[in-house]
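Dropping a structure here in structure tokens format, bear with me for questions.
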Amino acid sequence: MLRERHGKSPSAAIPIEPVGTGELDYLELLLDVIEEYYVDEIDSDVLVEGAFRGVFDQLDQYKSDYIKVISPIEDTPGARAGIQTNDLIIAVDGQSLKGATLEEAVEIMRGEAGTSLKLTIQRPGLADTLIFEIVREIIEVNPVKFEIREDGIVNFRLKSFNEHSAKDVKAALEEIKKDRNVKGMVIDLRNNPGG
């Protein structure tokens, strides 16, 4: 909240045009007005950091035209190559994916098992894009993984929901029931796409 200071209202103190001619002059003008008229004491470093964060948040809207990785499925070619959550797939074999739907991108990436493709990735926090060479495979994902610990607790992981999940969960639970030492279960649904 801006307050009146030295008999001047904040709106009267803001000139229509900044003194200089560049965009940074507007930022400097705004910082001066806020520091002068804001109700509480304000740290100018915090203001500058907030301004830059706002600029980068604005830039993020331009990245939304690409396919965003929600969660790479464990033990698939992409995950083994190093694709990570929140990566943006910018291009496949040099072909831009800007504006492509997920279905269109998948169709471009499909190919014969054993052949390779190159994904151009923009990773949050990195200025440069990354190139990953991935060898295509036939992927049959069992979304269920479990381990019965020595203390009788089951670590049960459901990696993704798909048309086979119910059948796979049921089969895993039948296997777990055979162990008389089971005392409890921890169910892990983290980074689970499709659910």
Side-chain angles (χ1 to χ4, degrees), residues 23-24 27 45 48-149 153-173 175-176 185-195:
E23 285 83 5
L24 290 177
L27 179 59
D45 290 339
V48 171
E49 182 182 332
F52 282 116
R53 190 175 306 121
V55 168
F56 289 114
D57 287 347
Q58 189 67 26
L59 289 175
D60 282 345
Q61 76 178 354
Y62 297 108
K63 294 180 184 176
S64 64
D65 287 340
Y66 296 103
I67 304 298
K68 185 177 189 175
V69 176
I70 302 303
S71 179
I73 299 172
E74 289 178 32
D75 202 34
T76 59
R80 286 193 303 269
I83 303 297
Q84 298 178 3
T85 299
N86 293 324
D87 281 351
L88 296 172
I89 305 173
I90 304 299
V92 177
D93 288 332
Q95 180 181 344
S96 174
L97 291 183
K98 186 171 185 172
T101 65
L102 179 59
E103 293 77 21
E104 292 167 338
V106 167
E107 192 59 37
I108 293 168
M109 287 186 252
R110 277 205 175 113
E112 195 174 321
T115 61
S116 65
L117 68 127
K118 289 184 181 175
L119 294 182
T120 304
I121 299 292
Q122 179 64 61
R123 182 160 291 157
L126 298 180
D128 294 330
T129 57
L130 304 169
I131 307 287
F132 291 91
E133 185 160 349
I134 297 174
V135 178
R136 294 178 178 100
E137 295 176 9
I138 295 173
I139 300 171
E140 294 178 24
V141 178
N142 181 346
V144 176
K145 204 178 211 179
F146 70 89
E147 170 197 14
I148 302 173
R149 301 184 329 205
I153 302 297
V154 177
N155 288 333
F156 191 95
R157 170 109 167 88
L158 182 57
K159 297 183 275 186
S160 65
F161 290 103
N162 62 35
E163 62 274 4
H164 305 292
S165 297
K167 174 181 65 78
D168 293 334
V169 167
K170 185 176 180 180
L173 291 175
E175 187 69 27
I176 291 167
M185 184 181 299
V186 175
I187 300 174
D188 183 355
L189 301 174
R190 291 174 295 170
N191 299 321
N192 182 330

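Please read all numbers here as calculations on a predicted model, not as lab measurements. Numbering of residues begins at 1 and proceeds along the displayed sequence.
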Self-check item: Minimum side-chain heavy-atom gap L88-I67 below 4.5 Å
Solution: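 No - every pair of side-chain heavy atoms lies 4.5 Å or more apart.
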Quiz item: Taking R123 for the side chain and D87 for the main chain, is one N or O donor matched with an acceptor at less than 3.5 Å?
Solution: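 Such a contact is absent between R123 side chain and D87 backbone.
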Practice problem: Could you tell me whether the side chain of R136 and the main chain of M109 form a donor-acceptor pair under 3.5 Å? | Solution: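 Checked: pair present.
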Exercise. State, yes or no, whether a side-chain contact exists between S116 and I134 at a heavy-atom distance under 4.5 Å.
Key: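 The answer is no; the side chains never approach within 4.5 Å.
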Self-check item: From NZ (K68) to OG1 (T85), nearest 0.5 Å
Solution: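 K68 NZ to T85 OG1: 9.5 Å, rounded to 0.5 Å.
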Exercise. Quick one: closest heavy-atom pair of F156 and A172, and the distance?
Key: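 Smallest heavy-atom distance, with atoms named: CE1-CB, 3.8 Å.
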Quiz item: From R157 CZ over to L189 CG, what is the distance, rounded to the nearest 0.5 angstrom?
Solution: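 That separation rounds to 8.0 Å.
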Quiz item: Looking at E112 and T115, what are the two nearest heavy atoms and their distance?
Solution: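 Here E112 and T115 meet closest at O-OG1, 2.5 Å.
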Exercise. For I90 and I121, work out which heavy atoms get closest and say how close.
Key: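 Scanning both residues, the minimum pair turns out to be CG1-C, 4.3 Å.
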Exercise. Output, in order, the C-alpha distance, side-chain angles, deciding distance and verdict of side chain to side chain contact (heavy atoms under 4.5 Å, CB included) for L158 and V144.
Key: CA-CA 5 Å; L158 182 57; V144 176; 3.9 Å; yes
Quiz prompt | Pairwise side-chain contact, L97 with V92, heavy-atom cut-off 4.5 Å (strictly under) | solution =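 In short, these two side chains touch, coming nearer than 4.5 Å.
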Quiz item: Just by distance, do the side chain of N155 and the backbone of F146 share a donor-acceptor pair under 3.5 Å?
Solution: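 No; judged by distance alone, with no hydrogens or angles, the pair does not exist.
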Self-check item: Contact summary for I176 and M185, nearest pair of heavy atoms
Solution: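 So the two residues come closest at CD1-CE, 4.1 Å.
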Practice problem: Taking the side chain as every heavy atom from C-beta outward, state whether K98 and Y66 have any pair of such atoms under 4.5 Å apart. | Solution: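 Yes, close enough: below the 4.5 Å cut-off.
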Quiz prompt | Shortest non-hydrogen separation from L119 to I89 and the atoms involved | solution =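 Scanning both residues, the minimum pair turns out to be CD2-CG2, 4.2 Å.
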